[in-house]
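Notes to accompany the following structure.
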Amino acid sequence: NRLAEALALYEQAIALAPDYFEAHYNRANVLHDAGRFDQAANLIEQLIQWTPDHAQALAVLGAVYVALGRNVDAELISRRSCLLRPTRICYVNLGIALQRQRRTEEAITEYERALAVASADRLDRRGTHEGRPAGPPARGRSLHPGRPCDGRRSPRPSRRRTRRRRARCRPRGETATRATGSAGTS
């Protein structure tokens with residue numbers, strides 16, 4: 001069972017570094033995934049005492065409260081999470097909590113916000129990367145920072161892809177010679 005193994009590893013990490021927030025946070029996520037909602041709620045409530053404005057922890061706590069049927073608590077925590085960092089999950093949790101309280105119109109509004117945030121995230125991922133516009137890299141630049149610019153990205157790329165990649169990587173004025181495979185000036 002991978003969840004049991006993950007819990008054991010996080011418990012070891014916590015034993016080594018009791019103040020390591022991420023180990024506690026990830027352990028709470030595993031407890032949530034394992035369906036141990038009460039334990040997850042207790043752990044996340046402790047974490048929120050350490051860092052009251054941790055939006056992700058608040059979003060997970062909102063999901064745990066939804067799973068436990070604590071809809072009023074889920075609403076309060078999810079609203080706080082959405083104020084700190086609007087994400088799809090905080091709006092979905094808020095929508096579920098409101099819907100279960102028979103506040104359908106408010107729930108629909110929150111579901112619409114969840115869809116809008118998800119759409120904006122998708123557009124942002126396609127449109128920019130770390131603030132740079134999307135599109136082909138500048139001539140002589142690698143497609144991926146930190147990777148070599150010589151066509152060795154995949155184990156067996158097609159010849160066409162390799163030629164295009166090498167052409168982008170060569171400085172202007174250089175061409176490949178077929179016999180040796182090295183670059184020469186033309």
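A quick note: this is a predicted structure, and the numbers were derived from the prediction, not measured.
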Taking 4.0 angstrom as the limit, do Glu110 and Arg88 come out as a salt bridge? no
Before giving the answer on side chain to side chain contact (heavy atoms under 4.5 Å, CB included), spell out for Asn42 and Glu45 the whole-Å C-alpha distance, their side-chain angles and the decisive distance to 0.1 Å. CA-CA 5 Å; Asn42 290 335; Glu45 287 167 353; 3.8 Å; yes
Side-chain donor/acceptor of His32 to backbone N/O of Ala41, under 3.5 Å: no
Has Ser78 got a side-chain atom pairing as donor or acceptor with Ala74's backbone, closer than 3.5 angstrom? yes
Determine, stepwise, if the pair Glu106 / Arg79 fulfils salt bridge (Lys or Arg N to Asp or Glu O under 4.0 Å). CA-CA 12 Å; Glu106 291 176 77; Arg79 283 192 192 282; 3.6 Å; yes
For residues 6-13, run the donor-acceptor check on the side chains, cut-off 3.5 Å, and write out each pair with its distance to 0.1 Å, sequence neighbours left out.
{"unit_1": "Glu11", "atom_1": "OE2", "unit_2": "Arg27", "atom_2": "NH2", "d": "3.3"}

Do the side chains of Leu84 and Tyr65 join up, straight or via other hydrophobic residues, at under 4.5 Å, putting them in one cluster? yes
Take His24 and Gln46 through the side chain to side chain contact (heavy atoms under 4.5 Å, CB included) test and state the conclusion after the steps. CA-CA 9 Å; His24 289 281; Gln46 290 173 0; 6.0 Å; no
Between side-chain atoms of residues 90-97 and protein atoms elsewhere (two or more places apart, or another chain), which donor-acceptor pairs fall under 3.5 Å?
{"unit_1": "Asn93", "atom_1": "ND2", "unit_2": "Ala59", "atom_2": "O", "d": "3.1"}
{"unit_1": "Asn93", "atom_1": "ND2", "unit_2": "Ile89", "atom_2": "O", "d": "3.3"}

Geometric class of the Trp50/Phe21 ring pair [parallel <30°, tilted 30-60°, perpendicular >60°]: tilted
Interatomic distance, NE2@His54 vs CG@Leu61, rounded to 0.5 Å, equals 12.5 Å
With rounding to the nearest 0.5 angstrom, report the CG to CG distance, Asp53 to Leu83. 10.5 Å
Without swapping roles, check the side chain of Gln101 against the backbone of Asn71 for a donor-acceptor pair under 3.5 Å. yes
In terms of hydrophobic clusters joined by side-chain contacts under 4.5 Å, are Leu68 and Ile48 together? yes
Do Tyr25 and Leu31 sit in the same hydrophobic cluster, where Ile, Leu, Val, Met, Phe, Trp and Tyr count as joined when their side-chain heavy atoms come under 4.5 Å apart? no
Output the distance between atom OG1 (Thr51) and atom CD (Gln56), rounded to the nearest 0.5 Å. 10.5 Å
Same cluster or not: Ile77 versus Leu47, using hydrophobic residues (I, L, V, M, F, W, Y) connected whenever any side-chain heavy atoms lie under 4.5 Å apart? yes
Sub-3.5 Å donor-acceptor pair from the side chain of Arg70 to the main-chain atoms of Gly62, do we have one? no
Is it the case that one hydrophobic cluster holds both Phe37 and Ile44, taking links as side-chain heavy atoms less than 4.5 Å apart, direct or via other members? yes
side-chain contact (heavy atoms from CB on, under 4.5 Å) with Asn29: of Val60, Leu43, Val64, only one passes, and it is Val60
Checking the side chain of Arg100 only, and the main-chain atoms of Val66 only, is there a donor and an acceptor separated by less than 3.5 Å? yes
